[in-house]
Amino acid sequence: MIPLHYILFLSTALFFIGMYGLFTRRNIITILMSVELILNSVNINFIAFNKYLYPDRLEGLFFSLFIIAIAAAEAAVAIAIIINLYRNIRSVDVESADDMKF
Amino acid sequence: MPNTAYILLILLLPVFGFALLGLFGRRYTRGFSGVIGTALLFVSTLCALYVAYKYFSGNTGMPALRHTYTLFEAAWLSFGPDLSINMGVLIDPISAMMIVVVTVISLMVHVFSLGYMKGEERYSTYYAFLGLFTFSMLGLVLSSNIFETYIFWELVGVSSFLLIGFYYDRPTAVAAAKKAFIVTRFADLGFLIGILILSFQAHTLDFGRLINNLSSFEHSPFTEPPVFLGLPLVDWGLILVFIGGAGKSALFPLHIWLPDAMEGPTPVSALIHAATMVVAGVYLVARLYPLFTLTLDVQQVVLYVGAISALLAAVIACTQTDIKRVLAYSTMSQIGYMMFALGTYRLFPPSLVDPKIGFIGSMFHLFTHAFFKALLFLCAGVIIHLVHSNEMKDMGGLRKQLPLAHICFLIACLAISGIPPFSGFFSKEEILSAAWRADRFIYTIALFTSGLTAFYMFRLYFSVFWNKPATGHPHAQPLVESIPLVILAIGAAFAGFIPFSHLLIVGGHPSVHSSIGLNAVPPVLIALLGIGIAAWLYYKQSDRPQKAAAAFRGLYTAAYHKFYIDELYLFVTKKIIFNCIGRPAAWIDRNIVDGLMNGLATATARISATIKGIQSGRVQDYAWFFFVGIAGLAILFIYIVK
Amino acid sequence: MIGSELVFYILSAFILVTGGLAVTTRKIFRSAIWLLFCLTGIAGLYFWLGMLFIAAVQIVVYVGGVVVLIIFSIFLTQQAGKDLPPPIRSRAILSALAVCIGFVLTCILLRQHSFGVATNPDLADHASIAAIGTQLLDTSEHGYALPFEVISLLLLAALIACIVLAIRSKPEEK
Amino acid sequence: MLNGIIISLRQELIVTVILFLLLFIKVAGNEPRPGVILNLINILLTINLVLGFFPGPDAALFNGMFHTDRLIVLEKNILNLGTLIVSLQAYDWLKAHRQLLEFYMLLLATLTGFFFMISAGNLLMFYLGLELSTIPLTALSGFDLEKRQSSEASMKFIISSAFSSALLLFGISLLYGATGTLGFEGIVHKLDGSAFQLFAFILILSGFAFKVAAVPFHLWTADVYEGSPVPVTAYLSVISKGAVFFILVQTLYTAFKPLVGDWQKILILLSVLTMLTGNLFALRQNKLKRLLAFSSITQSGFILAGIIGASRAADASVVYFVLIYIFSNLGAFGVVALISAQTGRETIDDYRGLYAGNPMLSWVMAISLFSLAGIPPTAGFFGKFFLLMAGAGKGNYIFITIAALNMVISLYYYLRVIKAIFMDTQPAPIGKLTIPLLPNIAFLICLTGICVAGVMGWVYDYIYSLSIGL
Amino acid sequence: MNLSLLIILPLLIVLVLLFCRRQSQVRWVSFIGVTVQLILSLVLLTLYWREHSVHGATRFLFESRQSWFPALNIQYHVGVDGISVAMILLTALVMVGAVLVSWSIGTQVKEFFVLLLLLSAGAYGFFISLDLFTLFFFLEVSVIPKFLLIGIWGSGPKEYAAMKLALMLMAGSALTFVGVLGVYYQAHSFDLARMFSEGAMPLSVQRFFFPFLFVGFGIFSALFPFHTWVPDGHSSAPTAASMFLAGISMKLGGYGCLRVAIALMPDAAREYSPVIVTLATIGIVYGAFATMMQKDLKYINAYSSVSHCGFILLGAGMLTPTALTGAYLQMISHGLMTALFFAAIGMIYDRTHTRLVERLGGLQKIMPFIATIFVIAGLCSLGLPGLSGFVAEMTVFMGSWQRSASGYRLATILSCASIVVTAVYILRATGQTLMGPVKDPQYNSLTDAKWNERLTGILLVTGILVIGTAPFWLTELINK
């Protein structure tokens with residue numbers, strides 16, 4: 001049996017890969033993709049904990065279920081927002097959306 | 001003294017006059033203001049004379065055993081259970097004497113001013129101020145409490161300020177008034193701190209108890225160790241009080257305001273800056289005489305300051321050309337006389353005669369001086385009115401035009417020079433004999449000063465009334481101006497015959513010394529010598545004065561410039577205090593203290609500008625900071641704080 | 001058991017590699033595809049863990065829904081062909097630094113923490129799809145009816161939001 | 001059973017019903033005129049507010065996922081009140097906006113989300129409520145569709161909040177791993193303060209901190225506030241923030257009680273940073289919305305300072321302050337919204353000489369700002385006093401001193417606005433504006449609130465009687 | 001007597017003012033209002049004497065107590081002792097003066113008087129408070145009206161001055177606030193009266209919180225080096241505001257220092273005494289020297305206020321009963337004197353449109369009444385007997401001298417010395433402004449004081465004279 005820690009390392013690695021993408025990607029859509037990666041790593045956590053530690057109840061599983069649903073909704077709204085932004089500034093480069101600062 | 005309510009009248013009438021004329025004079029009484037003021041003061045004078053008569057005539061057979069009465073005492077301001085300013089009236093020989101002097105001279109000046117100040121725009125104000133001054137001065141002399149004295153002391157100062165600055169549109173008058181006030185104020189600081197020290201040591205402010213507590217043998221603070229510069233605290237208190245007195249009495253080195261104060265109307269000079277206010281210092285020392293005589297150190301301070309002032313002022317007076325300034329320096333010199341007389345007590349060998357002779361002489365001289373000096377000033381006023389100048393060179397040969405003033409002036413000059421039988425002779429004689437017994441060196445100075453006095457007074461006399469050929473007709477002089485001259489001249493001539501030493505002793509032995517013996521000869525001779533030189537130099541116009549001046553060039557120039565003391569003061573105040581303290585203080589306040597406060601604001605703004613980059617407008621940076629925030633918190637609180 | 005472990009390692013490597021490529025590749029379309037692979041890999045992981053339902057949901061929602069949505073939006077913003085601009089160097093370095101620190105920190109913490117051991121490691125019976133379905137709509141003990149209702153409201157709101165934002169009428173209609 | 005659920009969930013249900021009502025109107029096709037709809041909606045919201053005052057029983061439903069008590073009911077009603085005020089103030093802006101029904105639908109959805117969040121007894125419900133409120137809010141902040149800044153704001157908002165909720169979720173997952181439960185009551189017993197749990201807690205706290213704009217998780221705030229339409233900004237700055245503070249206090253005081261020593265220290269640091277940073281940035285702003293954004297960050301710092309007190313008084317003070325903050329901040333935003341909608345001018349310089357033409361608006365602004373600054377006799381004074389007083393309860397006076405001095409800095413920029421309005425002049429000052437009825441009512445509510453909520457001691461007393469300690 | 005009347009009355013007047021239409025109505029309503037308030041204060045004084053002779057033992061009279069925030073043990077608790085009565089009387093007197101000199105305010109008259117009255121309400125509230133919370137509440141109430149009064153109706157760099165004043169005072173109240181909280185958590189109550197009777201708190205607590213309270217209140221009272229708001233604030237303010245600021249507002253600080261900081265923490269006060277005395281002495285001496293160099297009349301008076309308020313702090317720092325009495329006396333005396341001074345300066349400024357000493361001159365001839373009150377204010381400032389300043393300063397000196405350690409003695413001597421410097425700058429100002437030749441021929445056409453200005457002058461001068469010539473009743477009132 002694979003120890004729990006291994007799975008957690010995997011999810012953590014995925015988490016930070018996603019975070020790296022979120023920090024460095026300049027296309028807003030790719031940033032969104034990075035967010036999805038992060039959320040997935042969380043899901044792995046939940047499932048792994050549920051499976052390994054607390055299998056008598058399915059709280060982790062349900063939580064990840066809801067996360068998936070919300071992630072989808074969030075993605076949809078985010079894409080709508082990105083498209084709207086694209087219409088306004090003709091760009092999806094996050095660097096060009098820094099009108100407001102300081 | 002039963003039934004003494006009228007004593008209060010002496011005080012209240014002048015202040016009533018002040019209030020009346022001050023509030024309504026400008027609008028309503030106008031031309032009558034003088035008459036009102038004079039009338040009120042006249043009543044006051046009568047009361048004062050009556051009080052003095054009752055007091056000195058006494059009801060005991062022994063005229064010398066007089067009591068000290070404290071009347072109408074009431075707490076005015078309480079500083080604590082055992083310390084309070086009690087307002088009260090103190091009647092003892094010297095205060096009884098002083099109220100006579102003050103009211104009489106003041107009355108004379110009031111009357112004189114009726115003519116002299118007629119037509120002045122601020123006629124009412126003038127009389128109001130005179131009323132205020134008279135009130136304050138009377139209050140000063142009648143105080144039963146050292147703080148009460150201080151209160152009236154300050155009031156006297158401010159009346160003096162107001163009267164010197166009476167011609168307020170004259171910048172010189174304004175400057176003189178300011179100078180007078182500030183210099184005396186500075187001296188008063190000493191007085192104040194002196195009061196603080198004395199009252200703290202004695203646990204009282206009342207004169208009687210103050211003297212008692214401090215001089216009682218068992219717990220005399222004089223046995224305490226020195227606190228500062230080798231003197232015990234009470235000595236310092238007394239010296240500081242003396243500084244206050246010296247300031248008001250224009251003693252060296254605080255005399256610089258007095259000559260300038262001559263910018264005031266001449267009758268004011270006669271009243272305040274010759275006869276009454278300036279002797280307040282002497283009076284103060286006399287009031288605390290039992291304390292001032294307790295230690296040698298204090299006595300020496302009094303002695304030497306008095307002597308130096310007397311000599312210095314006399315020397316300067318010889319060179320001055322402004323008639324009023326000459327008189328001012330002469331006043332200073334005479335006050336120096338009175339002062340050092342008060343400082344002789346401790347120098348007497350214990351076996352010798354009553355050591356209070358100096359005290360008596362001083363008071364006596366104060367009394368006589370008031371008359372002849374006021375007379376001199378009033379005469380000067382008459383002269384100045386005539387020639388419209390203060391400078392001696394504009395005068396000369398006035399004996400025909402001003403015959404009355406001429407006679408009076410001469411009497412006063414003789415009196416001040418100490419020529420018998422004029423009043424000055426007697427009083428000066430007592431001082432000189434005190435000096436003789438106390439210290440020969442001082443006696444020499446006194447004697448020399450006496451000669452100088454005769455010289456410069458007669459220099460003045462000759463320059464004004466002789467020197468040039470007498471021309472013109474007798475100047476018509478209003479009666480109100482003549483009467484005071486005559487009265488004062490009588491006083492100046494005959495006041496010396498009052499048996500002063502009998503009157504002045506409180507509860508002690510009558511003075512043994514009363515007769516005038518051989519020791520009166522040298523002063524008279526010296527005085528005559530002085531008169532002779534003055535006559536030789538100034539009786540007629542000649543170049544002798546210039547030659548004499550040239551002979552003593554260095555001394556003459558220094559004296560002419562008042563030994564550069566004014567300049568020294570100016571240097572200290574303008575250059576040092578203004579430039580080195582005031583200006584830096586103002587600068588520091590604006591730039592450093594306030595700068596610090598503003599700097600806080602600027603620094604905040606600068607920090608704000610520096611960190612603005614955090615808010616870069618890029619969402620990824622925000623996320624980065626977000627994560628770094630978490631990581632930082634985690635590291636900090638998991639690994640460092642725990 | 002070796003086989004199972006091997007599967008896990010392969011899956012892990014697959015997930016990490018595709019995930020890494022998804023966030024670094026310069027072609028946006030490829031990036032989306034790598035994401036697709038990654039998500040599928042995660043679904044595989046769920047299978048490996050025995051969580052069949054969630055694996056299915058993962059495939060349906062993510063692979064079938066979200067990635068498709070993303071690909072559509074890529075087309076909408078007309079950038080399929082172009083290379084993505086490279087990341088800003090300073091930010092890349094700082095990000096790598098932050099991410100590394102974060103990773104190390106998390107791993108250390110995970111390593112140090114000793115998790116308990118499950119009392120009953122078998123969840124086969126109540127992890128069945130039927131059980132999950134019942135539980136999801138149950139209002140009683142361990143039921144998830146309320147969250148279910150809330151998320152329905154959320155989806156409605158998201159729907160409205162998307163409509164408002166995306167269906168923008170032309171200005172002259174006003 | 002069902003009755004119990006309906007009564008306990010009545011506030012959520014009413015809002016949802018209104019939401020669906022609006023949805024039906026929208027779907028039905030022929031919309032009435034905007035004015036009519038606005039009046040209708042505001043009447044409905046008022047009814048909602050009034051109904052909210054009816055007390056209900058304390059309850060814990062759905063296996064403890066949802067719980068309610070009188071304080072929570074009050075908190076929800078405070079949010080209702082704020083929403084009503086925002087809605088009244090949005091009148092000018094919405095009248096000209098075509099998608100006004102959608103605006104309200106989204107707004108009410110967020111409100112429901114906040115309700116569920118406050119009532120959450122479980123991290124799942126908390127998360128759902130949070131997302132239910134956040135996702136529509138991001139859309140709302142982009143509601144000025146044609147405006148570049150608005151869409152930029154919504155982009156920043158959704159990316160930031162997605163990232164933040166991802167971190168929050170990571171934290172929740174770790175906590176789940178560490179404790180095996182998601183319910184608050186279960187968590188309490190499992191917390192032992194180990195490093196791992198602390199890490200999970202910090203991640204979760206960051207999610208809260210993000211929503212309440214605590215430094216360093218605040219960076220989105222200013223941009224989003226600035227870009228969003230003014231009513232949305234107002235809503236974000238008070239309702240959203242207030243709701244999160246309510247739940248933050250609850251979770252900290254119940255679920256994370258065992259970690260109290262740790263979170264107090266963390267919050268002290270966050271509070272100081274938040275106050276200082278908010279102030280330092282607010283100092284240099286010329287755009288009023290941005291200034292208010294940073295000022296609201298500072299206010300968060302003060303609320304955090306109150307939470308640190310960890311006492312019954314602290315709990316009460318936070319709720320009380322949020323109430324007052326709603327009045328004060330919405331007063332200020334109301335003026336900004338009105339002027340922005342009618343003239344489009346939003347900078348401090350534009351406000352110069354406002355007093356000459358619009359004394360009423362000027363005084364509303366001034367009093368609101370004084371209340372924000374904590375100047376008596378406005379309610380803000382009492383709010384701040386009690387907050388810091390609660391914060392000082394644990395004896396950290398150095399911290400309280402810093403907080404108090406921060407009030408001085410914040411006074412500076414509030415006074416800058418006052419100075420512009422009352423003392424400065426400009427060649428083209430804002431002319432006389434007409435204030436429609438609904439915003440007028442809103443101003444009246446705000447002013448009354450500012451004057452009454454402080455001086456009348458019973459307001460605080462009532463809240464205190466409902467609140468819980470640690 | 002119900003003390004709340006003192007707060008309610010100004011608020012009522014404000015309410016009436018809001019409905020006034022014409023400017024003259026506004027003025028008269030305000031004038032009548034503040035006059036009624038003055039009468040009320042006099043009534044309070046007489047009632048206080050009477051009541052006090054009946055039950056002499058109790059410290060506070062006319063107490064009334066009302067629960068305000070019961071959960072936090074906060075009460076609205078008011079009551080007066082002799083000191084508060086004196087301060088109330090002072091406030092009422094200065095307010096009448098302030099309203100009268102503002103007769104010629106031309107712009108936004110209603111707002112001006114409303115703010116002025118609010119300011120006074122704050123001061124009354126402060127002086128009658130027996131609860132720290134209420135006290136702090138009223139302390140802060142007064143900050144914003146000041147800001148607005150200076151910023152809107154002021155002159156010169158008014159916005160800067162207003163901002164500086166508001167921020168520094170706020171900083172002061174922030175420190176006070178911390179101190180108040182510290183006291184609260186020690187005593188679990190804000191009730192001053194109870195705390196007085198319960199005795200002192202532990203020394204460590206006192207040591208920590210005393211600086212907060214003292215410096216906090218001290219800033220209000222121009223404690224060096226936090227006095228810099230004074231010159232700017234006072235100089236830029238409109239006349240009435242200057243009068244109130246210097247006359248009353250600065251006294252809030254002194255009152256707080258004495259009434260709260262020192263009374264609650266006497267042991268700490270004793271420990272910090274050297275520091276306080278040092279700062280106060282620096283303030284006195286350095287303020288006096290800085291005044292000497294000022295050229296603007298208002299700056300002169302403002303800096304002199306720094307110096308004079310130093311006496312309050314000096315008295316507070318010396319801690320002997322006499323010195324404390326002196327501090328109270330100085331508060332009252334300085335309040336009257338500086339109000340009179342600012343009134344006179346304002347009258348001069350209204351006519352000549354300059355406050356620069358070098359441009360003025362010879363005004364005595366042209367406006368004798370104003371000149372007279374100017375001189376009286378000046379003389380009071382330099383401590384002339386017969387005027388209130390003397391009484392106060394001498395009491396402070398007498399009290400200070402009782403601390404016999406040489407450091408305290410030195411401080412006393414230096415402070416005494418400052419009265420010479422005071423004389424210098426007062427006489428310079430008087431000399432240059434009133435005396436000498438008329439500088440500008442235009443001045444010859446100026447008029448003397450009008451009735452309202454005369455009334456102001458007479459009222460305040462009367463106050464100064466009454467205290468100056470008969471101080472015993474006041475000391476008795478204070479010491480009761």
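Chain A is the first sequence line, chain B the second, and so forth, proteins listed ahead of strands; every chain is numbered from 1. Everything numeric here is computed off the predicted structure, so don't read it as measured data.
- Not counting sequence neighbours, Phe129(B) has no partner by the ring pair (Phe, Tyr, Trp, His ring centres under 6.0 Å) test.
- Partners of Phe397(E) by ring pair (Phe, Tyr, Trp, His ring centres under 6.0 Å), not counting sequence neighbours, listed by chain and number: Phe311(E).
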Query raised in the report: Do Tyr127(B) and Leu20(B) pass the side chain to side chain contact (heavy atoms under 4.5 Å, CB included) test, and can you show the C-alpha distance, the side-chain angles, and the key distance before you say yes or no?
Result: CA-CA 10 Å; Tyr127(B) 271 97; Leu20(B) 188 74; over 6 Å; no
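- Distance check: Phe374(E) CZ to Ile376(E) CD1 gives 12.0 Å after rounding to the nearest 0.5 Å.
- Only the side chain of Leu192(B) comes within contact range of chain E, with at least one heavy atom under 4.5 Å from a heavy atom of that chain.
- In terms of heavy-atom pairs under 4.5 Å with chain E, the best-connected choice from Ile577(B), Leu196(B), Leu600(B) is Leu196(B).
- Of the listed residues (Val391(E), Leu382(E), Val421(E)), the greatest number of heavy-atom pairs within a distance under 4.5 Å of chain B belongs to Leu382(E).
- Side-chain contact between Phe135(B) and Leu11(B): present, with at least one pair of heavy atoms (C-beta onward) separated by less than 4.5 Å.
- For Phe226(E), the ring pair (Phe, Tyr, Trp, His ring centres under 6.0 Å) test picks out no residue, with sequence neighbours left out.
- Interface remark: of the candidates Met398(E), Met394(E), Met435(E), Met168(E), Met398(E) forms the most heavy-atom pairs closer than 4.5 Å to chain B.
- Leu205(B) touches chain E through its side chain: at least one heavy atom from C-beta onward sits under 4.5 Å away, while N, CA, C and O do not.
- Comparing Gly362(E), Ala290(E), Pro368(E) by heavy-atom pairs within less than 4.5 Å of chain B, the highest count is held by Ala290(E).
- Proximity to chain B is limited to the backbone of Ala470(E), based on heavy atoms less than 4.5 angstrom apart.
- The two atoms that bring Gly315(E) and Leu324(E) nearest to each other are O-CD2, 3.6 Å, heavy atoms only.
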Requested in this report: Begin from the C-alpha positions of Phe186(B) and Ile182(B) and carry the test side chain to side chain contact (heavy atoms under 4.5 Å, CB included) through to its verdict.
Outcome: CA-CA 6 Å; Phe186(B) 177 70; Ile182(B) 290 166; 5.5 Å; no
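- Looking at Phe147(B), only its side chain comes within 4.5 Å of chain E, counting heavy atoms on both sides.
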Here's a test: name every donor-acceptor pair under 3.5 Å between chain B and chain E, with the distance for each.
from, atom 1, to, atom 2, distance (Å)
Trp76(B), O, Phe472(E), N, 3.4
Trp76(B), NE1, Thr469(E), O, 2.6
Phe79(B), O, Thr322(E), OG1, 2.5
Tyr168(B), O, Gly436(E), N, 2.5
Tyr168(B), OH, Lys365(E), N, 3.4
Asp169(B), OD2, Lys365(E), NZ, 3.0
Arg185(B), NH1, Leu382(E), O, 3.3
Arg185(B), NH2, Leu382(E), O, 2.3
Leu196(B), O, Trp401(E), NE1, 3.4
Asp589(B), N, Tyr286(E), OH, 3.3
Asp589(B), OD1, His227(E), NE2, 2.4
Asp589(B), OD1, Tyr286(E), OH, 2.7
Asp589(B), OD2, Tyr303(E), OH, 2.2
Arg590(B), NE, Tyr303(E), OH, 3.4
Arg590(B), NH1, Asp232(E), OD1, 3.0
Arg590(B), NH1, Asp232(E), OD2, 3.4
Asp594(B), OD1, Lys164(E), NZ, 2.4
Asp594(B), OD1, Thr228(E), OG1, 3.2
Asp594(B), OD2, Lys164(E), NZ, 2.6
Asn598(B), OD1, Tyr160(E), OH, 3.1
Asn598(B), ND2, Tyr160(E), OH, 2.8

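- The minimum heavy-atom distance between Ala280(B) and Leu140(B), with the atom names listed, is CB-CD1, 4.1 Å.
- In terms of heavy-atom pairs under 4.5 angstrom with chain E, the leader among Leu155(B), Ile85(B), Leu596(B) is Leu155(B).
- When every heavy atom of Leu434(E) is checked against every heavy atom of Ala371(E), the shortest pair comes out as CD1-O, 3.6 Å.
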Query raised in the report: Given Thr134(B) and Phe18(B), is the side chain to side chain contact (heavy atoms under 4.5 Å, CB included) satisfied, shown in steps?
Result: CA-CA 9 Å; Thr134(B) 313; Phe18(B) 163 66; over 6 Å; no
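- Residue Pro321(E): no heavy atom, backbone or side chain, is found under 4.5 Å from chain B.
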